[in-house]
Amino acid sequence: MAKYRIAWMPGDGVGNDVMDAAKIVLDALKFDAEYVPADIGWEFWCNEGDPLPQRTLDILKETDCALFGAITSKPNDEAQQELAPELQGKGLVYFSPIVRLRQTFNLHTNMRPCKAYPGNPLNYRDDVDQVVFRENTEGSYGGVEFFPLPESVYDALCLNPKMKPWKKKGLENVALSTRIMSKQGCESICRQAFEFARTHGRKRVTLVEKPNVLRETGGLMTRVFRSVAKDYPGIEQDEANIDAICMWMLKNPQFYDVLVAENMFGDIISDLCAGLVGGLGFASAANIGDEYAVFEPTHGSAPKYAGKHVVNPMAMLLTVKLMFDWLKEPDLATRLEKAVATVIEENKVATYDVRGVRAGQPGANSTLEVAEEVARKL
Ligand code: IPM
Ligand code: MG
C-alpha cells in the first residue's frame with residue numbers, strides 16, 4: 001500500500017494542464033502515493049447542477065489531502081445560462097466549489113508564499129519574500145447574501161437609522177452581502193501568522209485591514225491581532241489599511257514579511273504580492289485545516305488556454321512543495337524547491353509569460369517541457 005492517498009482534482013480550464021505537470025515531477029521524485037481522481041468543476045455544474053458532487057466529498061474524507069488545479073467561477077446569471085436545459089429553472093444556485101470546500105472541511109488558513117526566486121526576469125524586485133496568511137472561511141465569503149431582500153431582513157435593518165437612504169430607494173432595489181467575522185476566526189489566523197513567523201525566523205507580521213471604516217469587523221480583527229502579538233515580543237507588529245498597503249507594497253515591498261488578513265483582503269493582497277514575484281504563474285497556495293488540506297495554486301482556470309499546455313506550471317509545482325511541507329516530507333520539499341529555483345535561475349526553459357512572447361508562439365516552452373526540466377534537476 002502506498003504511504004499516502006491523495007485526492008487528485010484537476011478541476012477545469014488549465015487545471016488539467018498544470019496537474020499534468022505536477023504528475024511528471026511527483027513521479028520523478030518517486031513520491032509514494034496513490035492518486036484518487038475526484039470530480040470538481042464547471043463541467044459538473046453544467047451537466048449535474050453541482051460543481052462539487054457528494055461523491056467528491058466522500059473521496060476527500062478518505063484521503064490524506066488533496067491536490068487541486070483550477071476552477072472556473074462565473075457570476076450567477078452566466079452560470080444559469082450554461083446549465084443543461086433539463087436543469088434550468090429548478091432553482092439551482094451556483095456557489096464556488098473551492099469556497100465550499102474551504103468551508104465544508106473548515107480549511108481556515110490560506111497560506112500563500114510570494115518569493116522572488118533569483119534570476120526570474122519578471123521579479124519586480126529581487127528581495128521580496130513574503131507569506132500571506134488569509135483567513136479562509138469567514139468575512140464576505142460566508143455566502144450570507146440577499147437579493148431580493150427578504151422582508152424580515154429589511155425590516156430588521158430598517159431599525160437602524162443609517163438605513164434611511166436605502167429605505168427611500170425601496171426594498172426591491174437593494175442587494176445585501178455580509179462580512180461576518182468571529183473572534184475565533186481572527187484569533188486563529190493571527191496566531192498562525194505569528195507562529196509561522198516565530199518558527200521561520202521572520203521579523204515582522206503586518207495586519208491588513210480597514211478598521212477606520214469597517215469599525216466592527218475591522219475593529220475586532222485589530223484588537224485580536226494586538227492581543228495575539230503580545231505573545232510574540234520578538235516579532236515586530238505592524239498594521240496597514242488595505243488601500244494604503246496597495247501603494248506601499250509597490251513603493252517598498254521589501255518592508256513586508258508575513259502578512260495577515262481576513263478573507264477578502266487576503267484575496268486581494270495575495271494577488272498583489274504575486275504580481276511582485278512574477279505573477280500568478282509563480283504563486284502557490286495551501287488551504288489548511290486542523291485535519292485536512294487542499295493544495296491549489298492561486299491562479300484561476302484561464303479557460304482560453306485550457307488543454308494547450310502553454311501556462312506556467314511553477315505555481316503548481318511550488319504548491320506541491322507546500323503539500324510536502326504539510327505532510328512533513330522536508331527532504332522532498334527541499335529537493336523540489338531547489339529544482340524549481342534552479343530552472344528559474346538558469347532561465348533556459350520557460351513558458352510564454354516569462355519569455356514575453358504570446359502563449360504558444362515560438363520562443364516559449366510548454367507547460368510540460370518546464371515540468372520535465374524541473375524533473376531533470378531533482
Ligand atoms: C482565490 C480565488 C478564489 C477566491 C475564487 C476563484 C473564488 O480568487 O483562491 O484567490 O476568491 O478565493
Ligand atoms: Mg484570488
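Read the numbers this way: they start at 1 and go in the same order the structure lists the ligands and their atoms.
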### Protein heavy-atom partner closest to atom 6 (C) of ligand 1 - residue, atom, separation in Å
S73 OG, 4.2 Å
### Query
At what distance is the nearest protein heavy atom to atom 11 (O) of ligand 1, and which residue and atom is it?
Y141 OH, 2.7 Å
### Query
Which atoms of ligand 1 are found less than 4.0 Å from any heavy atom of R134?
1 (C), 4 (C), 9 (O), 10 (O), 11 (O), 12 (O)
### Task
Begin with the C-alpha distance, continue with both residues' side-chain angles, and end with the deciding distance and a verdict on side-chain contact (heavy atoms from CB on, under 4.5 Å) for N212 and N241.
CA-CA 8 Å; N212 52 343; N241 283 341; 3.5 Å; yes
### Task
Determine, using ring centers only, whether Y305 and Y352 are less than 6.0 Å apart.
yes
### Query
What protein heavy atom sits nearest atom 10 (O) of ligand 1, and how far away is it?
D267 OD1, 2.8 Å
### Query
Short list, please: which atoms of ligand 1 are under 4.0 Å from a heavy atom of S96?
7 (C)
#### Entry: Shortest-distance N, O or S atom of D267 relative to the Mg ion (ligand 2)
OD1
### Query
Which residue supplies the protein heavy atom nearest to atom 5 (C) of ligand 1, what is that atom called, and how far is it?
I98 CG2, 4.7 Å
### Message
Is the ring pair Y94/W45 parallel, tilted or perpendicular, if the boundaries are 30 and 60 degrees?
### Response
perpendicular
### Crowding at CZ, R358 (>12 non-hydrogen neighbours, <6.0 Å)
no
### Selected option - heavy-atom contact closest to atom 1 (C) of ligand 1, from R100, R112, H299
R112
### Task
Check T63, N287, N106, L101 against Y292 for a side chain to side chain contact (heavy atoms under 4.5 Å, CB included) and give me the one that passes.
T63
### Query
Quick check, are the ring centers of F295 and F68 under 6.0 angstrom apart?
no
### Task
Look at K3 together with D64 and state whether they make a salt bridge at an N to O cut-off of under 4.0 Å.
no
### Query
If you measure every N/O of R102 against every N/O of ligand 1, is any gap under 3.5 Å?
yes
### Query
Below 3.5 angstrom, do we get any N/O pair linking T298 and ligand 1?
no
